[in-house]
Every structure is written in C-alpha cells, then in structure tokens.
Amino acid sequence: SQNSSVICALKSHSGHSTLTQQVFEEMPLSDTFAWNNLIQTHLSNGEFNHVVSTYQRMLLLGVRPDRHTLPRVLTTSRHLRSLRLGKQFHGQVLKLGFCYDHYVTTALIELYGRLEGSDAAKRIFENTPNKNSVCWTLLLAMYVKEEKPGLAIDLFNQMVASGAEIDNVALATAIGACGQSKSLREGRNIHQTVKRCGLEFDVLVSNSLLNMYLDCGSTRDARTVFNQMPSKD
RNA sequence: UGUCAGGUUA
C-alpha cells in the first residue's frame, strides 16, 4: 500500500524552472492571489500535474490556500480522474474550513458525481446547507445523465419548493428530464413554471421545450413553441 | 469592478 499522500509527501522540486516560474518564486510568499493565478494557468493549459505540484509548493512555503484555490484543485482531480487525490483535497477543504463556499461545494459535487456517480454527489449535496441553483442543477444533470428522469423531476420539484432561484439552465435541465421520460404531463407542468419565471423566450429554454415536446410526441405543442421562438433565422 | 462553479459526450 502506498502512503504517499500528495499533501504530506512534499517532494522537492527538481527539474528545470521556466523563467516565469523563477520570477514567480520571488514574489511575496503570502500572495495567494498570484498563486491562484498560476494554478489557473496550469489548469487552463491542461497541465494538471503542475496544478498539484504548485499546490504542494504553496503548502511547503506556508502560503494558505483560500476559497478560490480549492475549487481548482478539485477540478484538477476530476480531470485526472483521481478519486484518491480528490479525497485529499476534500480533506483540505474540511481542514481549512471552506466547506460552506458555493464554488467549493459545486466542485465537490462535480468531482464525486463524475467519478463515483449521482449517489456520491447526493451525499455532498445533502450536507450543503445553502444550496444555490448551481448545486441543484448539477445533481439534476447527473440524474439525467444516468437516465434517472424520475429522480430528476422529483428533485426539480424540491428545488422549486425550496425557493431557490430557478434560472434558465435549471429549467432546461429539468425539461430534458421530461423528454427523457416522455412525460408530456410533467413537461407541460414545467412549461407553466417557465412562464411564471418569464423565461419562455430564452433561447436555451425554448430549444429544450421544443425538443421535449418532440420527444413526447406532441407535434402540436412543439409547433406552438416553435412559432414563439426568438431566433428562427 | 484584482482570481474560481452548472448547458458541451449537441
């Protein structure tokens, strides 16, 4: 068994430093902002191992990660498909007290959801006190991806009842669940919610409605939506 | 306005 925790086993960085890295090393130690940007650069470039080593170096040098740092290393773990690494960063989240940050929470839900499935994502979701629309929509989308439209529709109804903001992405995801289950009744029901939210002319939402009605076999409803669509050019 | 999340396996 390997005890080589990424967090604890901070290996010395041999190898060649690039110029930017050398300049960077001369910056003030406490500049978490600059470290976050270096991590972001590596993440954007797909240099996931550099993200991890940069995080390790932060800890080595006594720079405290902040609520902007953790979502990025969690996302990196997801891209590396490493649950082991993700769990170590999850430990960091708990240790450093960032577990109530929305960005951290959504990164955790995505990490566990993509690597372990919706059940694991739901565990994080349920421990999240102030769920925003992104949290809800992520779990919704995971149910749709796993072809569990019944769970998705139930969850959407809970979302509405919770008073969370219902935005266009949440609606489009829930509408997709109705199409997947070929449930015209549920689809029309959500269409009413769309109207209450004043989002029936949103491009994403109206496209979802159109596809849902076609999936459900209602050409008539589909035509009505189509005739009211904003961008038919 | 100093840095981060959900549509994208269409």
Side-chain angles (χ1 to χ4, degrees), chain A residues 20 24 27-28 30-48 50-52 54-55 58 63-79 81 86 89-90 92-93 96-115 117-118 121-122 124-125 128 130-147 149 152 155-156 159 162 164-180 190 194 197 199 202-212 214-215 229-231:
Chain A
T20 42
F24 183 80
M27 294 179 117
S30 61
D31 201 351
T32 302
F33 173 82
W35 285 86
N36 287 344
N37 280 309
L38 181 60
I39 284 177
Q40 178 62 48
T41 299
H42 288 315
L43 180 54
S44 301
N45 291 340
E47 299 160 347
F48 304 126
H50 289 306
V51 172
V52 176
T54 302
Y55 188 90
M58 281 181 80
V63 180
R64 191 179 176 78
D66 66 10
R67 68 183 199 285
H68 297 271
T69 319
L70 272 302
R72 294 189 250 234
V73 292
L74 290 166
T75 297
T76 297
S77 312
R78 199 185 80 214
H79 282 116
R81 304 199 65 79
F89 288 131
H90 190 174
Q92 292 279 291
V93 166
L96 297 169
F98 298 131
C99 60
Y100 296 129
D101 182 90
H102 278 150
Y103 288 81
V104 171
T105 300
T106 58
L108 283 170
I109 291 173
E110 261 203 296
L111 171 74
Y112 286 106
R114 303 216 10 187
L115 299 190
S118 62
K122 190 183 176 201
I124 303 295
F125 177 86
T128 302
N130 297 314
K131 303 172 181 63
N132 67 5
S133 63
V134 177
C135 296
W136 287 96
T137 305
L138 270 173
L139 191 54
L140 273 178
M142 284 166 196
Y143 285 144
V144 173
K145 185 184 297 181
E146 295 180 6
E147 299 185 85
L155 188 69
F156 180 74
M159 180 182 181
S162 78
E165 184 198 349
I166 308 297
D167 64 17
N168 62 335
V169 182
L171 285 165
T173 306
I175 291 164
C178 296
Q180 193 174 64
I190 294 186
V194 166
C197 294
L199 287 169
D202 180 275
V203 176
L204 177 65
V205 171
S206 56
N207 270 297
S208 304
L209 284 170
L210 176 62
N211 288 322
M212 179 275 291
L214 292 176
D215 285 341
M229 295 232 311
S231 56

Can I get a per-line list of side-chain donor-acceptor pairs under 3.5 Å for residues 164-179 of chain A, giving both atom names and the distance, sequence neighbours left out?
| from | atom 1 | to | atom 2 | distance (Å) |
| --- | --- | --- | --- | --- |
| A:Asp167 | OD1 | A:Val169 | N | 3.2 |
| A:Asp167 | OD1 | A:Ala170 | N | 3.0 |
| A:Asp167 | OD2 | A:Ser133 | OG | 3.4 |
| A:Asn168 | ND2 | A:Asp202 | OD2 | 3.2 |
| A:Thr173 | OG1 | A:Val169 | O | 2.7 |

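Nucleotides B:rC4 and B:rU8, compared at atom P, are 22 Å apart to the nearest Å. Using P as the reference atom, B:rU9 and B:rA5 are 16 Å apart when rounded to the nearest Å.
Atoms CG (A:Leu70) and P (B:rC4) sit 16 Å apart, rounded to a whole Å. When rounded to the nearest whole Å, the span between NE2 of A:His102 and C1' of B:rC4 equals 14 Å. Atoms CG (A:Asn37) and C1' (B:rC4) sit 10 Å apart, rounded to a whole Å. Computed from coordinates, the A:Phe89 CZ to B:rC4 C1' distance equals 15 Å when rounded to whole Å. The separation between A:Lys131 atom NZ and B:rA5 atom C1' is 17 Å, rounded to whole Å. When the P atom of B:rC4 is taken as reference, atom NE2 of A:His79 falls 16 Å away, rounded to whole Å. Rounded to a whole Å, the CG atom of A:Leu43 is 12 Å from the C1' atom of B:rA5. One can place CD1 of A:Ile109 at 12 Å from P of B:rG6, the figure rounded to the nearest angstrom.
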Can you tabulate the close N/O pairs, meaning under 3.5 Å, that link protein atoms to atoms of nucleotides 8-10 of chain B?
none

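Here B:rG2 is the nucleotide among B:rC4, B:rG2, B:rG6 with the atom lying nearest to any side-chain atom of A:Phe33. In the set B:rU3, B:rC4, B:rG6, B:rG6 carries the atom at the smallest distance from any side-chain atom of A:Val134. Residue A:Arg67 places its side chain closer to B:rC4 than to any other of B:rG6, B:rA5, B:rC4.
Donor-acceptor pairing under 3.5 Å is recorded for the side chains of A:Ser44 and A:Gln40.
In this structure, A:Arg67 has no side-chain hydrogen bond (donor to acceptor under 3.5 Å, both in side chains) partners at least two apart in sequence or on a different chain. Residues satisfying the ring pair (Phe, Tyr, Trp, His ring centres under 6.0 Å) test with A:His90, not counting sequence neighbours, are A:Tyr112. For A:Phe125, the ring pair (Phe, Tyr, Trp, His ring centres under 6.0 Å) partners two or more places apart in sequence, or in a different chain, are A:Trp136. A:Phe48 meets the ring pair (Phe, Tyr, Trp, His ring centres under 6.0 Å) test with A:His79; sequence neighbours excluded.
Residue contacts shown for A:Thr69 are absent, as no nucleic acid heavy atom lies under 4.0 Å away.
When atom types are taken as modelled, the side chain of A:Arg72 and the backbone of A:His68 share a donor-acceptor pair closer than 3.5 angstrom.
For A:Asp167 against B:rG6, a side-chain N or O and a base N or O form a donor-acceptor pair under 3.5 Å. Put simply, the side chain of A:Asn36 and the base of B:rU3 share a donor and an acceptor less than 3.5 Å apart.
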